[in-house]
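Owing to the predicted nature of the structure, the values given are computational and were not obtained by experimental measurement. Order of the sequence lines sets the chain letters (A, B, ...), proteins ahead of strands, with each chain counted from 1.
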Protein chains: 2
Amino acid sequence: MSTVPSPEPAPVPAQVPAQGLASRLDELRGEYAALQARGLRLDLTRGKPSAEQLDLSEALLALPGEGVHTSENGTDTRNYGGLAGLPELRGIFAELLGVPTEQLLAQGNASLTLMYDTVVQALLFGVPGSERPWSREEQITFVCPVPGYDRHFAVCEELGIRMVTVPMTSDGPDAEAVAELVATDPSIKGMWVVPTYGNPDGSVVSEAVARRLVSMPTAAPDFRIFWDNAYAVHHLTAHEAKSADAIALAEEAGHPDRVLMYASTSKITFAGSGVAFFASSPANVAWFTKHLGIRSIGPDKINHLRHAMFFGDAEGVRAHMRRHREILAPKFAAVTGILADRLGDLGVATWTEPAGGYFVSVDVTAGTASRVVQLAKEAGIALTPAGATFPYGRDPQDRNIRLAPTMPPLDEVRVAMDGVATCILLAAAEAAAG
Amino acid sequence: MSTVPSPEPAPVPAQVPAQGLASRLDELRGEYAALQARGLRLDLTRGKPSAEQLDLSEALLALPGEGVHTSENGTDTRNYGGLAGLPELRGIFAELLGVPTEQLLAQGNASLTLMYDTVVQALLFGVPGSERPWSREEQITFVCPVPGYDRHFAVCEELGIRMVTVPMTSDGPDAEAVAELVATDPSIKGMWVVPTYGNPDGSVVSEAVARRLVSMPTAAPDFRIFWDNAYAVHHLTAHEAKSADAIALAEEAGHPDRVLMYASTSKITFAGSGVAFFASSPANVAWFTKHLGIRSIGPDKINHLRHAMFFGDAEGVRAHMRRHREILAPKFAAVTGILADRLGDLGVATWTEPAGGYFVSVDVTAGTASRVVQLAKEAGIALTPAGATFPYGRDPQDRNIRLAPTMPPLDEVRVAMDGVATCILLAAAEAAAG
């Protein structure tokens, strides 16, 4: 396992059994007792931006400014209307996401809400190509690449959608595994993908994988890929990876309506006060907009104007993201550096070295992830619950832990990660000791 | 019909047949031709605030201001979280709406969205007290007082909910008619009410009507009143009417979960960029929040902070609404004054004289509302489509027209209303001439 950040996430090798760790059990227990004695209160649970990152967008708080409320096309943004969102902001993000502006909607403050609402619309009305509303099917199933994003799985669980898993690879979901499932099971109506810097594994969907996913025959005529491009511009290195252009590839493949893309500025400007985007084929956009128009007279156009003024253009977004990178890259280097220093040659864990996004995915000794999280908690270090990256919160191997190092200051990340390494070692030693 | 604004909407008397109008047909045709020749482009269709009203909130456009992002309880409003909304803004509107702060949620930019989402949650999951999700019932029915709000009816139509109508009275919906329907029909799960300055009739729900609605036995154990308090603080006179406190009355009556209240600042600050509110019993709030938490990490708290700073407190909202009143009262006086001057003694129409809200409801000669709207359109005056205030857009008597005088400048309201009066007269004369 190299400690040098690379643009590709590190592959996850087969678990190497810990050697000699059992004999270090007493030493590690002592180390852990010393960790507990420090009385830490540290948190690596959620992918939240840090205050330092939020400060980058402070100018937004005084925008658009008194007397400034007219859009480029002359609309008074203070009044009702404009269901598709402010054209100038749509233009900026259409360029960044590689879709035509007219196929991109700018909406409210959360792409999670747009995803949830899309699934609900599909349940209530069906999507273009559906024979009936999804809720009238005996069973609806989504393919969930694992490890994945817990909130995607929570949407499925809430809405009674069965989940089947496929493994992630360094190029995105295992497309052959997906193709095999969807070919014969007509209950499979959807799948989740985080194409750029996947949550939590950091993988970027390659063009080959994307082509396979948009081309594969599906038993369901109305199969949809929920393409959650949450980290499209969230680079950690000078190499700015770009996931495959799935909407265009789907059209090319003769399945123009297969891909639904989502993105937001939650981790670009302010988390919870940003702008979320939906992009897809003309038919899907028309379908989504038709139902949207019953529940909304229009989105918060002033927040759209505020963001358009703040960014200026797509290059403005890119430049802004480079300032995020300056803050984040050292934190990620600390995480992977400390893991390498403390665990590098012991065979107790493997981890990703992401080139972007918000997470490091760690696979610890099988059967010990829950124990690691518990040990960390009892030492004052909050980690995402073990299993969170799997449907229903159940990691069958109890192995994966998602680390979110963005929010704490760099020195706290270092302290926390040193503690996490101790917990991983102690849990492995306990397991080896039997 | 008096022309003096009164706090009570004028009752709608039985239609008096037009007398002698047929003989004025040629004169009215000439008058209408002259109207058409003016080439007007006026719009009385939607309840939108005017630019002058929006200017009252211009200071919001520079709030909260750089460096200002911390709530009273120390939360960084720029980051994720706070599903219930910013406490200080919830406190201000809890006082105005007469509900406990902990039973009021501050959310996104539209109460319409909150209403739609409530109905969807009920369909997918049922509400507290439901035997099953509403979507698993054979049929769901809502009681719709008419004339009413077209977007309420559109939500029902979109979601496959049958609508039955009851008449409005000057004290709100005809409670006896509602009680009779709900007593025996278990498919009736809900009803719409705009309790303060009803849309479009301006009525205010009295305590007696509210008590009846919250006390009446219902065949459905999970019947809900969607209490859309859109105009709670939107007074047009010095008498600030207050609709009955339905949530407290429902609790008193032993049906604590019957009332779901909605409100927003759309017509207080900026339409589409305001804050929407949901209030109800603790059980309903917990139910709504549980599902909300799957689709949202939290609302736009910066917009909440912006609004809390702008208002300061509940009295700040009241003072702000008095400035709206100064702009709006003359427009409403122009509408009712011109109707009285032109039509007062001819028996061709009756109309409300609202003490608040956004609309004047006119009942023209039965069978002529569509014709009036068509004549107005052909003279360059856009009116809300005839029938819009009834489910499915069908007014069985083709009689009701909703006038929305808030958006155009006062001089345009005068010109438009003079034209509308001509159209009402001409349509009545045509009908009388047979």
Any chance CZ of R162(B) has more than 12 other-residue heavy atoms, nucleotides or ligands included, within less than 6.0 Å? yes
Side chain / backbone / both / neither for L124(A) at chain B, heavy atoms under 4.5 Å: side chain
Given the options K301(A), H69(A), R46(A), which has more heavy-atom pairs under 4.5 Å with chain B than any of the others? H69(A)
Within 6.0 angstrom of E52(A) CD, more than 12 heavy atoms from elsewhere: no
Euclidean distance, N109(B) CG relative to I302(A) CD1, rounded to 0.5 Å: 10.5 Å
When G108(B), A59(B), A154(B), S111(B) are compared by non-hydrogen pairs under 4.5 Å with chain A, the top option: A59(B)
Is it the side chain or the backbone of V155(A) that comes within 4.5 Å of chain B heavy atoms, both, or neither? both
Of all heavy-atom pairs between R78(B) and A51(A), which one has the smallest distance, and what is that distance? NH2-O, 3.8 Å
Among D76(A), L159(A), D117(A), who wins on heavy-atom pairs under 4.5 Å with chain B? D117(A)
Looking at chain B, which one of I297(A), V119(A), N303(A) has the largest number of heavy-atom pairs inside 4.5 Å, strictly under? I297(A)
Is it true that atom CZ of R323(A) has more than 12 heavy atoms of other residues, nucleotides or ligands lying nearer than 6.0 Å? no
Most heavy-atom pairs under 4.5 Å with chain A, out of E157(B), M407(B), K267(B), belong to K267(B)
Tell me the closest heavy-atom pair linking L61(B) and G67(A), and the distance in Å. CD1-N, 4.2 Å
Most chain B-contacting option - heavy-atom pairs closer than 4.5 Å, from S50(A), P299(A), G160(A): P299(A)
Give the minimum heavy-atom separation between R151(B) and G293(A), together with the two atoms involved. NH1-O, 3.9 Å
Where L112(A) and S296(B) come nearest, the two heavy atoms and their spacing: CD2-N, 3.9 Å
Heavy-atom proximity to chain B below 4.5 Å, by part of N79(A): both
Out of D55(A), L305(A), T269(A), L54(A), which one racks up the most heavy-atom pairs below 4.5 Å with chain B? L54(A)
Honestly, the part of Y116(A) sitting under 4.5 Å from a heavy atom of chain B is side chain
Ranking S135(B), G272(B), G81(B) by heavy-atom pairs under 4.5 Å to chain A gives rank one to G272(B)
Of all heavy-atom pairs between Y80(A) and P49(B), which one has the smallest distance, and what is that distance? CE1-CD, 4.1 Å
Go through G298(A), P64(A), A110(A) and name the one with the most non-hydrogen pairs under 4.5 angstrom from chain B. P64(A)
Less than 4.5 Å to any heavy atom of chain B: does that hold for the side chain of M115(A), its backbone, both, or neither? neither
Best-contacting candidate, S57(B), G274(B), S266(B), against chain A by heavy atom pairs under 4.5 angstrom: S266(B)
Ion pair check, E158(A) and R295(B), cut-off under 4.0 Å: no
Contacting region of R306(B) [heavy-atom separation from chain A under 4.5 Å]: side chain
Quick check on T77(B) against chain A: is it the side chain, the backbone, both or neither that has a heavy atom closer than 4.5 Å? backbone
Measure distances from V68(B) to the heavy atoms of chain A and classify the residue's part below 4.5 Å as side chain, backbone, both or neither. backbone
